[in-house]
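Following this message is one structure expressed as structure tokens.
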Amino acid sequence: MTRELPTGFVPADIEAPLYKKWLDAGYFTADAKSEKPPFAIVIPPPNVTGSLHIGHALDHTLQDTLVRMKRMKGFETLWLPGMDHAGIATQNVVERQLAAQGKSRHDFGREEFVKKVWDWKAESGGAILGQMKRLGDSVDWSREAFTMDANLSRAVLTIFKRLYDQELIYRAERIINWCPRCLTALSDIEVDHHDVDGEFVQIRYGRDDDENQIFIATTRPETMLGDGAVAVNPNDDRYKHMIGKTVRLPYVDRMIPIIADELVDPEFGTGAVKVTAAHDPNDFEMAVRHGVPMIIIMNEHGVMEGTGTKFDGMDRFDARRAVVEELRKDGLLGWEKRPYSHSVGHCSRCQTIVEPRLSLQWFVKVAPLAKAAGDAVRSGKVKISPTEMEPRYFEWVDGMHDWCISRQLWWGHRIPVWYGPDGEVKVLGPDEVAPEGWTQDEDVLDTWFSSALWPFSTLGWPDNTDDLKKFYPNSVLVTGYDILFFWVARMMIFGLFAMDGKQPFDTIVLHGLVRDKFGKKMSKSKGNVVDPLEFMDKYGSDALRFSLARGSNPGADQALAEEWIGGARNFATKLWNATRFALMNGATVDGPLPEFSSLNAIDKWILSRLNETIAEADQLLESFEFAKASELIYHFAWDDLCDWYLELSKDAFQKGDAAATKRVLGHVLDQLLRLMHPIMPFITEELWTTLTGQESLVIAAWPVSDAKSIDKSAEKIVAQLQEVITEVRRFRNDQGIKTSQKIPGRLVVPAELAPYAAGAEFLLKMENGEFTPSAKFEIGAIRAEFDLTGSIDVAAERARLNKDLATAEKDRATATAKLGNEGFMAKAPESVVVEIRERLAKCDQDIERIKAQLASLPA
RNA sequence: GGACGAUUGGCUCAGCGGUAGAGCACUUCCUUGACAUGGAAGGGGUCACUGGUUCGAUCCCAGUAUCGUCCACCA
């Protein structure tokens, strides 16, 4: 046995070479022709502008864990990487660069600008891909995809046409969310609502000498210039007599009707609402119902335009101030509430206040598609883990408005609609060419349109490729709950539509967000953002991965602090040293494992614990319980294996009489490293290949729990041994005996523990030989006795024993009370009663033992 | 206004009808023959509050309070 490990574990020394080894061996490349059952995951495509943040690190750790486990289980695994072209985000990046040179995209024109974006991508895009390699992602790079790739664009065109032909895509004038900075429409979910301090003012319409006057209330006074009506509730007695009459709109000096609509809440404001059809979605609805004119009063930059008043040319917020001032001067204001906190939509990309605006845009008719997406989950065809997230999904899927998919950008999939010279409209499929003289729609599609096709566009759809046949539907989708609506629900919608009702994935696994150590959201302004790359440099990728996995409870956010990762690094070091110890002492994986029944209790015990851990960890990982699986493995490795088994084995190794132990230890490590590999791929690979001399753990078999090697009685007797050892240690500690000081003593153990008795004595620094026992601990068949004549602090020892006695007596009293309780005895399950009886018996034993010890103390 | 969740030791979180758990932090001891990125021993919690169900509630039910997230057309 010549295998050796360096003394210290230096992650940086092993990670890059191992990743290269894996790539060279082609372990991550999927074979669509394989006979093995498939297991496929697509990566949530990061933005091409992005770099790896801690959220990706979590997301990828969980996916890689599943993929690596499935690969070891014999599945043909495909984990497909790629990126999203990220329309607005990417265009913004390039435009900012141009702005720095004092230019805008319009200086270049569409074609030239788009080329510049591609250049930018080639040069600076995709930084995240290299960072994924550092993390160890076992993705199939040969299938790397980009939403703007030719074949993925074909998928976009194909599905657009299909939807259009089935009248599920239409063009219409609607109120949409408009960002006056990005100069594009936004879908509902690209708008963030938060409260801002604004104003709420009462404005009188109608002059003194007019027939009618009415007070309306608004938070956006400047929009009065575009009013087409005033609406009241039909049952509002205050205004009933005015319905159908007209009132004069100040400044614009236009007579507008007073209409009645149920939408108006008589309790709110003045009970009378101005109707600005072109700049408010509710008003638009009412206007449609009542035929109210829709007057656009702002241009695309949010500057007042076309009102025919002196406010034209003012920015919308300047106009607001100016209008209020003017109204006040003219005595047309009633009460003014200021500040008035209310919810206002902001562009999720740049935080500019969104302007609802009447505009001609393209929409996806969502209702029929979303119905199918909801039903797929309701019927159980697609599972959401954890199930608590289902209500959120249904809420959105069942109530989704039509999806505005056109964006006034240049970077993205251009809408494949062409207009003929005589106003004809034609939607072109991927291989169709527009007739001479026709022009294409100027807009591009929402970025999420192409991401929604990701589970099948990356597999070659619309062609019926081998990849598609083998790997669709994907097995699971792992992502943060924060993009459940943006992305997941839309993949469901399009997947079911495009693939004839076949779901894009079988299970949706939602994890939480990574927050700072106090559970606060990470944000640049708070300065609590952490960089996963920095952590990988400092502690190794395995440490980062392990702490992320260990913190990931289903659907729940996790707090992360640098100390946690340091702790995980310590764990990695522990494993390293344990394996080093094993190798130094001749642990081996060669030859068959000794017959279980021939082993002593300690060897049986560690095998038993190993097999229990394997069974449980496997079950936890299969149910996406990453935190619990990690925790379980951690405690088995550290507590059972390192703190007990290795410590107890030292003496046997020292004496060179440990053939069975060498083989058992080799086996336990072998299996443990396999079990941990999905979560900590680098260190396990290094240790395992050194231990076994085999090629790679990536393609090794996943451990299977051997039920025949689970032995509860061995576990019980080892637990007793541990208890005795702990008792003695506590006693020594209480007596102030130094850890290194030897005391005369011995352990008396049953035969099945005999090979380890000396090891236990070694742990306790017991010196076997001639002595008169002066202290004794006895649990079950295990007895520890030692001689401390002259060195015992009698008073302290008596106090300690008395305390223990009191505790034991109190416990006995509770147990006795329970057994004497008729209600309890009538209803408690048998197992509970047995447990309490055992507890009572143990109390009796303890009390007797403690009393004996007290009696043996010198007076 | 709805939906979901949270409230457990200093911090972050598990647990969940039957004597309160982990990691980190803390105290004391130990450079012992893999590991001081370590080992041993220990301190610390009326499980948010109030009622109810039960032989028994941290756990189930109802309500209260505080916090978080998501959704929603409060002009």
Pair A/Tyr393 and A/Tyr481, ring centroids less than 6.0 Å apart: no

Touch class at under 4.0 angstrom, heavy-atom based, for A/Thr726 against every strand present: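 Sugar-phosphate contact only - A/Thr726 comes under 4.0 Å of backbone atoms but never of a base.
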
Sugar-phosphate only, base, or nothing, as touched by A/Gln558 at under 4.0 Å among non-hydrogen atoms: nothing

Shortest non-hydrogen separation from A/Phe485 to A/Arg392 and the atoms involved: CE2-O, 3.3 Å

Rounded distance in Å - CD1 (A/Ile203) to C1' (B/A75): 11 Å

Between C1' of B/C74 and CD of A/Glu199, the distance in whole Å: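 It works out to 17 Å between those atoms.
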
Under 4.0 angstrom between A/Lys765 side-chain N/O and B/A40 OP1 or OP2: no

Contact list for residues 545-565 of chain A, test ring-ring contact (aromatic ring centres under 6.0 Å, His included), sequence neighbours left out: A/Phe546-A/Phe571

Whole angstrom value for the distance that separates C1' of B/C24 from CG of A/Asp516: 15 Å

Intermediate values then yes/no, ring-ring contact (aromatic ring centres under 6.0 Å, His included), A/Phe731 and A/Phe786: CA-CA 11 Å; A/Phe731 177 83; A/Phe786 38 95; 5.5 Å; yes

Sugar-phosphate, base or nothing in reach of A/Glu395, heavy atoms under 4.0 Å: base

Sugar-phosphate only, base, or nothing, as touched by A/His279 at under 4.0 Å among non-hydrogen atoms: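 Touches nothing.
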
Residue A/Cys642, side-chain heavy atoms: nucleotide from B/G68, B/A34, B/C70 that is nearest: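 Of B/G68, B/A34, B/C70, B/A34 is nearest to the side chain of A/Cys642.
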
Sidechain N-carboxylate O distance under 4.0 Å for A/Arg812, A/Asp844: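 Salt bridge between A/Arg812 and A/Asp844, a charged N being under 4.0 Å from a carboxylate O: yes.
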
Touch class at under 4.0 angstrom, heavy-atom based, for A/His193 against every strand present: nothing

Sugar-phosphate only, base, or nothing, as touched by A/Asn553 at under 4.0 Å among non-hydrogen atoms: sugar-phosphate

Whole angstrom value for the distance that separates C1' of B/U32 from CG of A/Asn577: 16 Å

Salt bridge A/Glu727-A/Arg730, side-chain N to carboxylate O under 4.0 Å: yes

Sugar-phosphate only, base, or nothing, as touched by A/Ala578 at under 4.0 Å among non-hydrogen atoms: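 Base, at least one base heavy atom under 4.0 Å.
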
Sugar-phosphate, base or nothing in reach of A/Asp643, heavy atoms under 4.0 Å: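 Sugar-phosphate, backbone atoms only, no base.
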
Phosphate OP1/OP2 of B/G39: any A/Trp638 side-chain N/O under 4.0 Å: yes

Sugar-phosphate, base or nothing in reach of A/Lys650, heavy atoms under 4.0 Å: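 Base, at least one base heavy atom under 4.0 Å.
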
Cationic N near anionic O, under 4.0 Å, A/Lys538 to A/Glu562: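 Counted as a salt bridge, because a side-chain N and a carboxylate O are separated by less than 4.0 Å.
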
A/Lys818 side chain, from C-beta outward: closest of B/U12, B/A3, B/G18: B/G18

Minimum-distance nucleotide to A/Glu563 side chain [options: B/C73, B/C24, B/U19]: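 Side chain of A/Glu563 sits closest to B/C24.
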
Pairwise 5' ranking along RNA chain B for A/Asp811 and A/Gly566, keeping only the more 5' one: A/Asp811

Proximity to the side chain of A/Phe485 - top-ranked nucleotide from B/A34, B/A22, B/C71: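 In terms of side-chain proximity for A/Phe485, the closest of B/A34, B/A22, B/C71 is B/C71.
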
Pairing of A/Lys517 and A/Glu563 as salt bridge, 4.0 angstrom limit: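 Yes, charged N to carboxylate O under 4.0 Å.
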
Nearest to side-chain heavy atoms of A/His635, which nucleotide of B/A40, B/G23, B/U12: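 Selected nucleotide (nearest to the side chain): B/G23.
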
Interatomic distance, A/Tyr393 OH vs B/G5 C1' [rounded to whole Å]: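 My rounded result for the distance is 21 Å.
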
Contact under 4.0 Å: A/Asn570 side-chain N or O vs B/G38 OP1/OP2: yes

Whole-Å gap separating P (B/C73) and NE2 (A/His342):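 In whole Å, B/C73 P and A/His342 NE2 are 16 Å from each other.
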
Donor/acceptor link under 3.5 angstrom from A/Glu647 side chain onto base of B/A34: yes

Ionic contact status for A/Glu647 with A/Arg729, cut-off 4.0 Å: no

Phosphate contact (B/C30 OP1 or OP2) by A/Lys738 side-chain N/O below 4.0 Å: yes

Sugar-phosphate, base or nothing in reach of A/Thr573, heavy atoms under 4.0 Å: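 Here A/Thr573 touches the bases of the nucleic acid.
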
Nucleotide B/G2, atom P - distance to CG of A/Asp398 in whole Å: 19 Å

Whole-Å distance separating the CG atom of A/Leu648 from the P atom of B/A34: 15 Å

Geometric class of the A/Trp576/A/Phe9 ring pair [parallel <30°, tilted 30-60°, perpendicular >60°]: parallel

Sugar-phosphate, base or nothing in reach of A/Leu763, heavy atoms under 4.0 Å: nothing

Touch class at under 4.0 angstrom, heavy-atom based, for A/Glu285 against every strand present: nothing

Sugar-phosphate, base or nothing in reach of A/Lys517, heavy atoms under 4.0 Å: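 Sugar-phosphate only.
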
Side-chain N or O of A/Arg220 closer than 4.0 Å to phosphate OP1/OP2 of B/A75: no

Sugar-phosphate only, base, or nothing, as touched by A/Arg392 at under 4.0 Å among non-hydrogen atoms: base

Paired and unpaired positions of RNA chain B as dot-bracket, Watson-Crick or G-U wobble under 3.5 Å, | denoting a partner strand: (((((((..((((....[..)))).(((((.......))))).....(((((..]....))))))))))))....

